[in-house]
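Here is the structure we will look at.
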Amino acid sequence: MTDTRHDEKDIDSLSGIETTGHQWDGIKELNNPLPRWWLWTFYGTIIWSVGYMIAYPAWPLISEATAGVLGYSSRGELAKTVADARTANADILQRIGEAPLADILADLELARFATAGGSSAFKVNCSQCHGTGAAGGPGYPNLNDDSWIWGGSIDDIYLSINHGIRSATDMDTRFSLMPNFGTDGILDRADIRTVSAYVASLSGLEGGVDNPEGAMLYAENCAACHGDTAKGMAEAGAPDLTDAIWLYEGSLASIEAQVTQARHGMMPSWSEKLDDTTIKQLAVYVHSLGGGQ
Amino acid sequence: MIIIDNLQKEPAQFDVEAVNSAARRQPLYAPRQKIFPKRAEGFYRRLKWIIMAITLGIYYVTPWLTWDRGPHAPDQAVLLDLANYRFYFFFLEIWPQEFYYVAGLLVMAGVGLFLITSTVGRAWCGYTCPQTVWVDLFLQVERLIEGDRNARMKLDSAPWSVEKLAKRVSKHAIWILIGVATGGAWVFYFADAPTLFADLFTLRAPAVAYFTVAILTATTYTFGGLMREQVCTYMCPWPRIQAAMLDEHSLTVTYNDWRGEPRGKHSKKAAAAGQSLGDCVDCNACVAVCPMGIDIRDGQQLECITCALCIDACDNVMDKLGREKGLISYATLSDYNANMALATAGGPIAPERVRGETGALLPAIRQTNWRSVLRPRTLIYFAVWAAIGLGMLTAVSMRAEVGINVLHDRNPLYTLLSDGSIQNGYDVKILNMTNDVRVMTLSVEGLAGVTMTSPNIASEPTTSLTLSVDADLVLPLRLYLRVPSAGLASQTDIVMSVVSEDGEASATANARFEAPETP
């Protein structure tokens with residue numbers, strides 16, 4: 001039998017060239033020959049692919065792929081990029097490590113670099129408690145505001161990060177304990193109500209009553225840490241009781257609860273985990289959040 | 001007498017056949033047909049020399065032009081500063097976010113292509129395409145070294161000898177040198193040209209510069225010297241696209257077979273036998289000069305780049321024969337069809353139908369002239385093209401010299417401060433797009449009692465900030481706004497503005513101040 005397809009050659013009348021027999025809306029495709037160099041280029045790409053398979057990772061094996069004689073891998077390239085970035089940043093990181101904190105703040109270039117570096121370190125290490133925007137939550141201080149329990153200067157912030165708050169593992173940690181005036185029997189419930197109403201009145205909270213009895217109780221029990229004017233004392237970690245910022249809830253009930261049985265926050269000592277340059281960058285970042293003093 | 005002899009003598013026929021003639025076609029993979037284009041002389045050849053001089057001149061000279069921009073910016077007139085994301089073009093400096101200017105230029109180029117193609121056909125291919133210009137240059141080098149068509153054919157078929165080797169080596173050496181110069185000129189657009197020029201020769205230039213020169217040398221040599229017409233026929237999409245934009249009023253290089261056919265060399269013999277021949281003496285001069293190696297007498301075809309060298313070749317022959325020029329000419333399809341209808345009148349082409357008793361072409365024969373260019377389609381293209389151009393010029397002339405971008409913090413939206421006031425944080429970017437250091441004042445409108453602080457810049461609350469922004473740079477700024485909470489809505493629209501010290505330049509940005517919902 002003969003192949004009938006070759007017997008039915010369709011010759012385009014205008015050009016005299018054979019068509020492929022394909023038609024689209026009456027438009028025919030001429031069966032023009034490919035140039036021979038095109039064929040050689042095609043063979044060339046096949047040879048190229050052989051070289052490529054030898055040079056680069058190509059053949060998947062059971063546990064991994066062939067490595068290729070050039071030893072290239074995208075993971076290796078990433079490692080190199082990271083190493084290059086480390087090398088490129090080494091100089092400015094060294095300057096940050098050597099400079100006093102005040103000098104870093106005064107140098108715009110160092111301050112910008114430290115703020116950016118501190119920002120990424122914050123996301124990794126601090127955001128779990130303080131939040132990605134450092135806005136905190138009940139029991140976890142908002143770092144954007146201007147009220148600082150342990151002081152808002154750059155050195156105070158650095159010290160707090162370095163040694164933590166009430167850290168069990170750091171001898172130099174910041175430490176203070178508010179007595180449990182209720183559960184330890186120092187004050188009875190009526191006294192607690194009276195002093196709490198007085199404290200609430202200092203910042204104009206709902207239910208607050210400025211009463212002399214409460215003021216007396218405050219002077220006897222609270223003023224030692226929170227101060228005669230209730231402006232707090234950063235050295236003892238005693239919060240300002242006259243402002244709008246409350247670590248727990250800003251309400252009379254919350255104040256009564258705290259006086260009865262004190263809650264205490266705890267922050268790890270980061271010097272055990274992070275290097276000093278990173279902690280300095282964290283301090284600069286936190287200081288830049290808007291409330292740094 | 002000699003002159004008359006010349007006129008009477010029929011020109012010799014060139015032994016040449018079109019590379020794409022039906023007789024030569026073969027299935028599957030076709031070997032390349034060698035083309036030895038003969039030198040053409042005439043109006044279009046001269047035009048192409050002039051256009052080549054202009055286009056190559058623009059290409060090679062542009063990076064060396066200077067434009068004074070003061071001490072804070074480069075003085076190269078045209079510079080693509082990739083490292084610093086700046087594009088300098090004489091009076092204009094484009095930042096990455098202003099790339100829409102380039103998009104506008106590309107739209108203009110697209111509409112310009114419609115305009116040019118619908119009026120004068122594939123003029124881009126024939127005159128200004130880099131492939132055409134460089135092939136022309138390479139062919140000229142080939143002619144200078146190896147001679148014109150016949151000498152080159154002879155050399156090509158000759159056995160290898162010292163002379164042949166010397167000619168071939170010098171030809172390819174000059175081609176490669178042209179390639180190096182082409183690649184070399186390209187890299188000057190991306191760096192300070194005089195510095196890079198010295199660095200290139202003292203081996204101190206960056207590796208990417210040498211790499212770019214090497215790539216462009218290879219492509220120029222391969223495409224312009226070795227592949228030539230193969231690039232246009234097989235690799236380029238342009239012939240397909242441009243052909244689709246032609247209409248019956250577009251100018252194309254046309255063989256006027258209504259006066260050329262039936263073609264033949266021996267008009268006297270034919271006349272004696274009672275036949276009349278057309279003007280085409282079948283000398284093949286049009287095929288011999290064609291850089292694409294085709295026969296224009298086969299009609300419009302994909303391979304034809306409309307370089308019009310066949311017009312020059314044919315006109316010279318017609319001149320010698322004492323006949324009218326224009327057997328091959330720029331003509332529109334509609335004129336061609338009208339003349340063809342006259343010449344055929346339903347039957348085969350008959351030369352006597354287009355000529356009067358004196359032998360001159362009939363007045364009814366349509367001669368294509370420049371008026372074919374003016375028609376609604378081309379005028380609309382031109383109007384669109386010009387409108388985009390005017391719009392771009394307006395945009396460039398009204399281009400702001402400073403800018404401000406404001407991004408409100410997402411987390412936290414607002415912060416309660418100890419005195420009960422509300423603070424919002426913003427990332428502000430102040431753009432100084434001039435080539436001088438500018439002192440600018442940042443202020444906020446739309447909020448009563450607002451003050452601002454910025455870490456490391458202004459720790460004490462202030463109502464406005466005065467900042468010095470370096471030339472041609474962006475100043476990133478962390479900004480905090482604080483407002484007493486009394487009577488504050490949960491969202492307030494505000495406007496931040498920067499004004500330069502001299503008051504000449506200013507910019508504003510809309511932003512929002514967020515506060516807690518008041519019960």
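Below, chain A is the first sequence line, B the second, and so on; all start at residue 1.
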Inset, instruction - State, without any angle test, whether A:Glu29 and A:Thr20 hold a side-chain donor-acceptor pair at a distance under 3.5 Å. - result: yes
Inset, instruction - Could you look at B:Arg482 and say if it's the side chain, the backbone, both or neither that has a heavy atom under 4.5 Å from chain A? - result: side chain
Legend entry - Minimum heavy-atom distance B:Val406-B:Ala511, with the two atoms named: CG1-CB, 3.8 Å
Inset, instruction - Among the options A:Asp107, A:Asp146, A:Asp243, A:Leu108, pick out the one with the most heavy-atom pairs lying under 4.5 Å from chain B. - result: A:Asp146
Legend entry - Which of B:Gln423, B:Arg478, B:Arg32, B:Arg410 touches chain A most, by non-hydrogen pairs under 4.5 Å: B:Gln423
Inset, instruction - Under the salt bridge (Lys or Arg N to Asp or Glu O under 4.0 Å) rule, what do A:Lys28 and A:Asp12 come out as? Steps first, then yes or no, please. - result: CA-CA 8 Å; A:Lys28 294 174 181 176; A:Asp12 175 53; 5.4 Å; no
Inset, instruction - State whether the number of non-hydrogen atoms from other residues, nucleotides or ligands found under 6.0 Å of B:Tyr234 atom OH is greater than 12. - result: yes
Inset, instruction - Examine whether an atom of A:Asn142 lies under 4.5 Å from a heavy atom of chain B, and if so say whether it belongs to the side chain, the backbone or both; otherwise answer neither. - result: side chain
Inset, instruction - Scan side-chain atoms only and decide if A:Asp155 and A:Ser153 contain a donor-acceptor pair under the 3.5 Å cut-off. - result: no
Inset, instruction - Return the option, out of A:Ala135, A:Gly290, A:Ser147, with the maximum number of heavy-atom pairs under 4.5 Å with chain B. - result: A:Gly290
Inset, instruction - Measure distances from B:Gln301 to the heavy atoms of chain A and classify the residue's part below 4.5 Å as side chain, backbone, both or neither. - result: neither
Legend entry - Partner of B:Asn424 by side chain to side chain donor-acceptor pair (under 3.5 Å), out of B:His408, B:Glu514, B:Arg512: B:His408
Inset, instruction - Could you have a look at B:Gly299, B:Ser459, B:Ser418 and say which one has the most heavy-atom pairs with chain A under 4.5 angstrom? - result: B:Ser418
